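Owing to the predicted nature of the structure, the values given are computational and were not obtained by experimental measurement. Throughout, residue positions are numbered sequentially from 1 according to the sequence presented.
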Amino acid sequence: MTRPRRHRRPPLRRRLAVTASAAVAAVALAVCAGAYAVTVYTLHRQFDLQLTQAATLAIQRDRAGGPGVQAGECRYLAAPACAQLVPESAADDPREGYLLPVGDAVRQVAGRHRAPYYGTASVAGRPVRVLTTPAREGLAMQVALRSDGVRRAERQAAWLLGVIGGAGVPVAALLGYWVSRSGLAPVTRLTSTAERITATRDAGLRIELPAVGRGREDEITRLAVSFNSMLDALEESLAAQRRLVADASHELRTPLTALRTNAEILLRAERLTAGQRERATGALTRQLREVTTLVNDLIDLARDEEPRQALEPVRPPSWSTAWPPPATTGRTSSSCWTPLPRPRPP
């Protein structure tokens with residue numbers, strides 16, 4: 001049975017670069033989209049204000065005119081605009097046809113049954129935007145201006161902001177790579193230092209720290225400072241261990257030499273007198289006791305080097321808080337609780 005293959009997680013630098021690039025690119029695209037929306041709204045708003053001004057001028061100029069086309073110049077991108085008066089009833093229409101399309105909504109505006117509104121139409125193959133507003137009693141004024149200039153401006157804004165947004169994506173990628181490289185540079189130095197210490201077993205190596213004022217360190221700098229402090233403690237511990245081994249070897253060398261000498265003497269016990277054997281045995285006993293004492297001292301020193309356990313005082317609950325149990329009321333409960341007898345004090 002084959003085991004499922006585990007996907008290797010990408011490095012932290014790559015993940016950070018991708019995340020930062022995506023964030024910057026998203027912000028750039030969102031800004032471009034917002035700028036496009038604001039630009040389109042501003043263009044339409046200004047165009048509608050221009051239509052409103054043109055309608056006001058047309059109403060003031062043709063106060064006594066009857067239904068029909070008042071101005072037919074829709075070839076220009078700005079005023080003078082093409083305008084026409086439309087009566088409420090179709091029976092009052094002039095013999096000449098209208099330039100702009102007339103529907104039931106226009107008749108309702110003329111009869112004050114509907115509010116002014118904007119619309120779109122086509123005149124002589126040109127797109128126009130039409131404003132229909134009440135003029136005089138029973139008449140509605142329709143004013144139109146060419147809107148292809150606004151559409152062209154919208155396309156230009158979309159193209160320009162699209163180019164800016166497209167250029168922002170590689171810039172965001174470069175910024176993300178720079179952020180990941182500069183942000184993880186202390187981590188890279190820390191990792192390389194730890195690997196070098198592991199390979200060379202040299203606890204004297206340290207991480208280079210940036211020259212910043214105290215209290216202004218970031219999280220990575222504080223981590224590097226903590227790592228250097230740990231290396232200082234490790235170096236001191238190794239030095240103390242070497243001194244301890246050197247001192248112990250020096251202290252053990254003399255009694256061990258004496259023990260070996262006395263043991264060799266006792267091997268030739270048949271050549272010694274009773275007094276010589278007694279003195280050699282006593283010296284051997286004293287040296288063994290000295291070695292035992294030295295070994296016990298070394299064990300005590302080793303125990304003092306062990307890290308101490310952190311003890312936390314815990315206050316046990318008193319009988320006054322644990323007893324008596326809460327009093328029961330007359331209400332019934334779905335669970336039954338039977339109190340245990342309280343233990344008597346000895």
_Before you tell me yes or no, could you show the steps for V69 and E96 under side chain to side chain contact (heavy atoms under 4.5 Å, CB included), namely the whole-Å CA-CA distance, both residues' side-chain angles and the distance that decides it to 0.1 Å?_
CA-CA 8 Å; V69 177; E96 298 81 4; over 6 Å; no
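- Using a distance-only test at 3.5 Å, with no hydrogens or angles considered, a donor-acceptor pair links the side chain of S21 to the main chain of A172.
- The environment of Y177 atom OH is sparse: at most 12 non-hydrogen atoms of other residues, nucleotides or ligands sit within 6.0 angstrom.
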For this session: Determine, step by step, whether D92 and R107 satisfy the salt bridge (charged side-chain N to carboxylate O under 4.0 Å, His left out) criterion, reporting the C-alpha distance in whole Å, the side-chain angles of both residues, the deciding distance to 0.1 Å, and the verdict.
Result: CA-CA 11 Å; D92 298 332; R107 307 286 186 185; over 6 Å; no
Step by step, would you call L100 with V123 a side chain to side chain contact (heavy atoms under 4.5 Å, CB included)? CA-CA 7 Å; L100 301 174; V123 177; 3.5 Å; yes
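- Residues L99 and C82 come closest through the heavy atom pair CD2-CB, 3.9 Å.
- Between D148 and R155 there is no salt bridge, since no side-chain N of the basic residue sits under 4.0 Å from a carboxylate O of the acidic one.
- With rounding to the nearest 0.5 Å, the separation of CG in L160 from CD1 in I164 is 4.0 Å.
- Both the sub-6.0 Å distance and the 45° axial angle are not jointly satisfied by R45 relative to the ring of F47.
- A 4.5 Å side-chain heavy-atom check between E88 and R112 finds every atom pair outside the cut-off.
- Looking only at side-chain heavy atoms (C-beta outward), L145 and R129 stay at 4.5 Å or farther from each other.
- R152 places a side-chain heavy atom less than 4.5 Å from the side chain of Q156.
- Using modelled atom types, no side-chain atom of S237 and backbone atom of A233 make a donor-acceptor pair closer than 3.5 Å.
- Y118 and T133 share no donor-acceptor pair across their side chains, judged by distance under 3.5 Å alone.
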